[in-house]
Amino acid sequence: MDLRFKDELALMPDLRHQLRRLRWFRATFRASARSVEATYGLRFDIDETRLTRAFLDWIEIMEAQKRFAEVNRADFIIFAAGLVLRELIRQEPAKAMGNGPRPDLPPAEAGMAEIVQFWPEGFLYTNYCVAAIAAVYEQEFGHAPTIDQCADDLRTWWSYRENVTEMPAYAVAFLDRFLGAEPNWIVPDSAQSRQAMQDALETTDQRKVGHQA
């Protein structure tokens, strides 16, 4: 992944809550698009109506499951971003309009450039969510999560694009995979079904039993 935009996001105070406001969500998404355009020589047209719809649908879905933020806050941050990714893929607010001037990239980034060219919109959506997770993690926990090497593998992106086209909820599972977590392929958009949530709930139950003993 390309985390250049993460540093810009991390400068925003209380990022986790700011991104739940439509104005900041739209502004940061547009800024992310500009970063991708400048780095990879693309141009995006962004439909504000679709972007707003993606945000509102995300808020509604997330609010219904936000109680799990108290179970495992770190995992819920990733899960919430996965729901954003699902809605962005479903609503398709961005459209690549062709190439602009392409900057010279170091050889180490050639593979990422291939991924961007293969699926520019999907890369934009995914990179925005990963950058947001990394920035929120730095603010909340003092470090960014580790990105799995599969996130830089074009073959994984082939599978990713094919699967989310059929079922957008798989975006949550692929985001988990990119962050090195165990994906839930059965009900990926259910917080309660996530392994990290199950582990946290089990630990809580064990503590309660210990206190009662």
Side-chain angles (χ1 to χ4, degrees), residues 1-59 62 77-103 105 109 111-140 144-148 151-152 156-157 160-161 164 168 171-172 174-179:
M1 300 305 297
D2 186 334
L3 294 182
R4 292 177 177 88
F5 185 61
K6 179 264 296 180
D7 295 333
E8 183 175 338
L9 280 176
L11 296 175
M12 184 185 297
D14 194 21
L15 178 63
R16 181 162 61 97
H17 292 101
Q18 293 281 39
L19 289 178
R20 297 179 188 176
R21 299 172 181 171
L22 177 59
R23 178 169 68 93
W24 286 110
F25 175 82
R26 295 198 309 188
T28 54
F29 183 81
R30 281 192 166 276
S32 176
R34 289 193 297 270
S35 176
V36 173
E37 288 174 337
T39 303
Y40 298 99
L42 294 171
R43 292 186 299 110
F44 289 104
D45 178 62
I46 297 175
D47 186 317
E48 290 291 346
T49 300
R50 289 174 178 259
L51 185 60
T52 298
R53 190 182 304 132
F55 172 82
L56 295 176
D57 287 352
W58 165 59
I59 287 293
M62 184 186 65
I77 290 170
I78 297 174
F79 174 68
L83 295 179
V84 174
L85 181 57
R86 184 189 79 166
E87 291 308 306
L88 289 172
I89 288 174
R90 194 168 69 88
Q91 299 291 350
E92 299 181 319
K95 182 175 178 58
M97 302 300 292
N99 295 330
R102 182 176 299 179
L105 293 172
E109 298 185 26
M112 188 58 60
E114 288 185 1
I115 290 171
V116 176
Q117 291 297 320
F118 164 67
W119 190 21
E121 297 87 356
F123 177 83
L124 171 62
Y125 304 149
T126 307
N127 203 66
Y128 172 72
C129 291
V130 171
I133 291 170
V136 170
Y137 258 61
E138 284 195 355
Q139 289 188 357
E140 299 274 329
T146 301
I147 310 299
D148 192 271
D152 298 334
T156 302
W157 282 78
Y160 176 24
R161 184 175 186 176
V164 298
V172 182
F174 272 95
L175 186 63
D176 283 331
R177 188 178 177 192
F178 290 158
L179 293 168

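For clarity, every value in this text was computed on a predicted model and none was experimentally measured.
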For the student: nearest non-hydrogen atoms of A10 and E138, plus distance
CB-OE1, 4.3 Å
For the pair L124 and F29, evaluate side-chain contact (heavy atoms from CB on, under 4.5 Å) and give the outcome as yes or no after the intermediate values.
CA-CA 9 Å; L124 171 62; F29 183 81; 3.8 Å; yes
Heavy-atom pair of closest approach, residues L88 and C129
CD1-SG, 4.4 Å
Using a 3.5 Å distance criterion without hydrogens, assess whether the side chain of W58 forms a donor-acceptor pair with backbone atoms of A81.
no
Would you say E37's side chain and F44's backbone share a donor-acceptor pair under 3.5 angstrom?
yes
Verify whether the ring centers belonging to Y40 and F123 lie closer than 6.0 Å.
yes
What one should report as the nearest heavy-atom pair of P145 and A134 is CD-CA, 3.9 Å
For the residue pair I89 and A171, what are the closest heavy atoms and their distance?
CD1-CB, 3.8 Å
When the side chains of residues 11-18 are checked against the rest of the protein, which donor-acceptor pairs come out under 3.5 Å, sequence neighbours left out?
unit_1 : atom_1 : unit_2 : atom_2 : d
D14    : OD1    : H17    : ND1    : 2.9
D14    : OD2    : H17    : ND1    : 3.3
R16    : NE     : E140   : OE2    : 3.1
Q18    : OE1    : R21    : NH1    : 2.8
Q18    : OE1    : W24    : NE1    : 3.4

Hey, does the side chain of T126 reach the backbone of G122 with a donor-acceptor pair shorter than 3.5 angstrom?
yes
Do L175 and F79 make a side-chain contact, defined as non-hydrogen atoms from C-beta onward lying under 4.5 Å apart?
no
Would you call the rings of W157 and Y160 parallel, tilted or perpendicular if under 30° counts as parallel and over 60° as perpendicular?
perpendicular
Would the distance check show the side chain of E87 and the main-chain N or O of F55 forming a donor-acceptor pair, the cut-off being under 3.5 Å?
no
Are the side chains of L179 and I147 in contact, using a 4.5 Å heavy-atom criterion?
yes
L85 side chain reached by Y128 side chain, heavy atoms, under 4.5 Å:
no
Are the side chains of D47 and L51 in contact, using a 4.5 Å heavy-atom criterion?
no
Output the distance between atom OG1 (T39) and atom CE (M112), rounded to the nearest 0.5 Å.
11.5 Å
Has E121 got a side-chain atom pairing as donor or acceptor with E92's backbone, closer than 3.5 angstrom?
no
Any chance you could measure D148, atom CG, to D176, atom CG, to the nearest 0.5 Å?
11.5 Å
Verify side-chain contact (heavy atoms from CB on, under 4.5 Å) between Q91 and D57, making sure each step is shown before the conclusion.
CA-CA 10 Å; Q91 299 291 350; D57 287 352; 3.0 Å; yes
If only atom types and distance count, is the side chain of N127 paired as donor or acceptor with the main-chain N or O of D2 below 3.5 Å?
yes
For a 4.5 angstrom cut-off between non-hydrogen side-chain atoms, does V130 reach K6?
no
Identify the two heavy atoms, one from S35 and one from F5, that lie closest to each other, and give their separation to 0.1 Å.
OG-CB, 4.2 Å
I46 and A33: which non-hydrogen atoms are nearest, and at how many Å?
CD1-CB, 3.8 Å
Is D152 reaching over with its side chain to a backbone N or O of M1, donor-acceptor style, under 3.5 angstrom?
yes
Check whether any side-chain N or O of R30 sits under 3.5 Å from a backbone N or O of F25 as a donor-acceptor pair, and report yes or no.
no
